[in-house]
Amino acid sequence: MRDIMAPESARWRAFTQVFADVVEPAGYELVIPPVMEDLGVFTRIGEATDVVTKEMYDFVDKGDRHVALRPEQTASVCRAFAQHRPVVPWKAWYSGPNFRYERPQRGRYRQFDQVGVEVIGVDDPYLDVEVIALGWEFYRRLGLERVSLLVNSLGEPDDRAAYMQALEAHFESAGDALSDQSRATMRKNPLRVLDSQRREDQPIIASAPTIDQFWSTAAAEHFETVRAGLTSLGIPFTVEMKLVRGLDYYRRTIFEYQGATLDSAQNALGGGGRYDGLVEDLGGPATPGVGFALGVDRTLLACDDEGVFPAPSTDVEVFVIDTTGGSAALALTTELRAAGVSADRAFENRSMKAQMKAANRSGARFAVIVGSDEDDAGTASLRPLRGDGEQVAVGRDSLIRELQQRLQEDP
Ligand code: HAM
């Protein structure tokens with residue numbers, strides 16, 4: 001687990017702001033679920049998934065409750081829906097940390113952040129399109145260009161069950177040719193074998209039956225409308241029949257946004273899909289749902305690799321130097337901040353030279369200097385710290401106005 005230090009921390013905050021700027025105008029409201037919940041909320045993600053069986057941070061608390069740090073937020077949002085019953089469609093967005101006990105490496109951490117949306121209560125393929133398009137638009141706003149969108153449909157639960165049976169029979173017939181790991185996976189969830197990267201499994205995966213042969217008419221039509229909607233918005237996508245995703249709650253539409261620069265195991269920048277049975281599993285009424293979550297850590301690595309979305313500056317605009325003892329700096333920084341000008345100062349009544357050094361290090365655009373001469377004359381010296389502007393004396397009562405004007409003239 002890592003510390004996110006400045007300037008990277010400023011980038012994280014800006015990231016969430018860009019996300020809010022994309023989803024809030026589309027009617028999504030912020031929900032903040034707790035970081036820790038009853039274990040049972042998360043076991044609904046799928047008893048056959050690594051996320052639940054191997055990676056959960058769960059423990060018994062002092063009140064004998066079996067709880068877990070959330071490994072994702074979709075289950076929490078569905079639990080919140082079942083509990084509070086907001087008006088449908090409930091369009092929610094979230095951001096925050098999740099915890100999975102995985103082997104840490106570049107793009108894979110035990111504490112990682114996601115931003116995401118969930119819409120609960122509507123079973124309309126145009127909503128799937130809206131959700132997918134919002135994620136796409138977000139990547140565009142960040143400036144990322146090398147993101148590809150993969151889509152698939154897992155069909156209705158019956159279609160999916162029939163497909164799983166057919167897959168199991170196919171993998172079973174491969175006998176020893178299938179890797180031991182995949183044979184073990186097959187017994188728990190044959191869909192997950194399609195994710196295997198092992199070389200010996202590839203020909204067997206390539207000849208496996210595909211999900212489209214099992215789609216019911218309703219599932220096929222739903223997916224057809226999703227694809228037509230994406231096409232009408234000019235969003236490029238690839239139908240990837242082998243896309244299955246790592247969580248068990250999905251039905252019908254699933255999708256993933258993939259980056260081009262991370263290792264293949266970490267190249268999913270985000271993903272989502274429909275989970276029409278999850279609210280019911282969590283004790284609510286039968287209610288459809290669709291959403292996605294995007295990994296903040298991974299998406300920012302992709303931004304680094306593409307050279308986009310740099311950290312915004314957190315430098316102050318003005319640095320106050322006071323060699324008269326410090327009270328002039330106290331008054332001036334207070335006045336400047338109240339007027340909306342960001343300002344910092346030196347402490348401990350250091351020498352002029354030491355304070356000037358601190359001013360230059362601060363990244364401020366102007367130094368405001370108060371020495372005994374300025375103090376006697378009721379002025380302050382204004383010195384540009386960048387470019388070759390001259391230092392000028394300004395009356396204390398017109399200082400703020402003068403600074404605001406200069407900051408505006410040359411942002
Ligand atoms: P997920 O595919 O498990 O889906 O995670 C979504 C994204 O979170 C991944 O694409 C990845 O960018 C990031 N992520 C996952 N695990 C890690 C990790 N250990 N380190 C860094 N980043 C990671 C979900 O979580 C679903 N809740 C998505 C969803 C929402 N489906 C419907 N609604």
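We're numbering straight along the sequence, starting at 1. Only this structure's heavy atoms are used, side chains among them; waters, hydrogens and symmetry mates stay out. Atoms within a ligand are numbered from 1 in the order they appear, just like the ligands themselves.
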Which donor-acceptor pairs under 3.5 Å do side chains of residues 144-152 form with protein atoms, sequence neighbours excluded?
from: N152; atom 1: ND2; to: E240; atom 2: O; distance (Å): 3.3
from: N152; atom 1: ND2; to: M241; atom 2: O; distance (Å): 3.1
from: N152; atom 1: ND2; to: L243; atom 2: O; distance (Å): 3.0

Listing, residues 318-332 side-chain donor-acceptor contacts under 3.5 Å, not counting sequence neighbours, or none:
from: D322; atom 1: OD1; to: T324; atom 2: N; distance (Å): 2.7
from: D322; atom 1: OD1; to: T324; atom 2: OG1; distance (Å): 2.6
from: D322; atom 1: OD2; to: G326; atom 2: N; distance (Å): 3.0
from: D322; atom 1: OD2; to: S327; atom 2: N; distance (Å): 3.4
from: D322; atom 1: OD2; to: A328; atom 2: N; distance (Å): 3.1
from: D322; atom 1: OD2; to: A329; atom 2: N; distance (Å): 3.0

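Among residues at least two apart or in separate chains, ring pair (Phe, Tyr, Trp, His ring centres under 6.0 Å) pairs with a member in residues 158-199 are Y163-F214.
Distance check, rounded to the nearest 0.5 Å: CD1 of I205 to CG of L167 gives 10.0 Å.
Contact residues for ligand 1 (protein heavy atom closer than 4.0 angstrom to any ligand atom): E72, T74, Y94, R100, E102, G107, R108, Y109, F112, Q114, E118, R245, L247, Y249, Y250, A268, L269, G270, G271, G272, G273, Y275, G291, F292, A293, G295, R298.
Geometrically, R227 engages F223 in a cation-pi contact defined by less than 6.0 Å to the ring centre and at most 45° from the axis.
At distances below 3.5 Å, not a single donor-acceptor pair connects side-chain atoms of R70 with backbone N or O atoms of E37.
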